[in-house]
Amino acid sequence: MARKSTRNSKLLFNAKDITSPKVYAFLVKLVNDDREDLAEKTLRIDYLLNYAQSCLKQNDKIEARSALDNALIRMNELDSEGYDPEHLKYIYDGIVKKL
């Protein structure tokens with residue numbers, strides 16, 4: 001099977017502009033392993049982390065904590081499937097320190 005890239009994967013095409021290069025590389029790995037369901041969860045995790053960061057900037061710590069809890073649940077699901085979202089955990093830890 002041919003390697004999927006932004007040219008032949010709608011999910012990757014849409015994600016390229018809104019994610020960091022490390023998250024995008026993780027998404028490419030998931031899509032090429034035929035795990036687009038996990039790639040979509042990864043996009044949700046990335047969104048929740050960005051949302052938590054913006055909540056912290058607005059001093060809304062309750063909403064930031066809620067978003068971080070949801071992101072952690074989804075990261076644990078990725079771990080249970082055998083994929084290690086190392087960069088997402090790094091971002092998560094940084095936001096938790098600020099909280």
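With sequence neighbours left out, Glu63 forms a side-chain hydrogen bond (donor to acceptor under 3.5 Å, both in side chains) with Tyr51.
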Show me, pair by pair, the donor-acceptor contacts under 3.5 angstrom made by side chains of residues 75-85, not counting sequence neighbours?
residue	atom	partner	partner atom	Å
Asn76	ND2	Leu72	O	3.3
Glu77	OE1	Lys41	NZ	2.7
Asp79	OD1	Lys89	NZ	3.3
Asp79	OD2	Lys89	NZ	2.8
Ser80	OG	Glu77	O	2.7
Glu81	OE1	Arg35	NH1	3.2
Glu81	OE1	Arg35	NH2	3.3
Tyr83	OH	Asp33	OD2	3.2
Asp84	OD1	Lys89	NZ	3.3

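In this structure, the separation between CD on Glu36 and OG1 on Thr42 is 11.5 Å, given to the nearest 0.5 Å. From Lys57, atom NZ reaches atom NZ of Lys98 across 7.5 Å, with rounding to the nearest 0.5 Å. Between the CG atom of Asn50 and the CG atom of Asp46 there is a distance of 5.0 Å, given to the nearest 0.5 Å.
In terms of heavy atoms, Ala15 sits closest to Leu27 at CB-CD1, 3.7 Å. Nearest heavy-atom pair, Leu99 versus Ala64, reported as atom, atom and distance to 0.1 Å: CD1-CB, 4.3 Å.
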Next item on the list: Begin from the C-alpha positions of Lys61 and Leu56 and carry the test side chain to side chain contact (heavy atoms under 4.5 Å, CB included) through to its verdict.
Entry: CA-CA 6 Å; Lys61 293 183 179 185; Leu56 278 179; 4.3 Å; yes
Check: Should Lys22 and Glu86 be marked as a side chain to side chain contact (heavy atoms under 4.5 Å, CB included) after you check the CA-CA gap, both sets of side-chain angles, and the distance that decides it?
Finding: CA-CA 9 Å; Lys22 289 184 179 182; Glu86 177 184 339; over 6 Å; no
Checklist line | Asn70/Ile45 under side chain to side chain contact (heavy atoms under 4.5 Å, CB included): CA gap, chis, key distance, verdict | finding: CA-CA 8 Å; Asn70 288 332; Ile45 294 168; over 6 Å; no
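Checked against Tyr24 for a side-chain contact (heavy atoms from CB on, under 4.5 Å), the options Asp17, Leu12, Ile18 give a single hit: Leu12.
By the rule that hydrophobic residues join a cluster once side-chain heavy atoms approach within less than 4.5 Å of another member, Leu43 and Leu48 end up as members of separate clusters. Following chains of ILVMFWY side-chain contacts shorter than 4.5 Å, one can reach Val96 starting from Leu49, so the two form part of one hydrophobic cluster.
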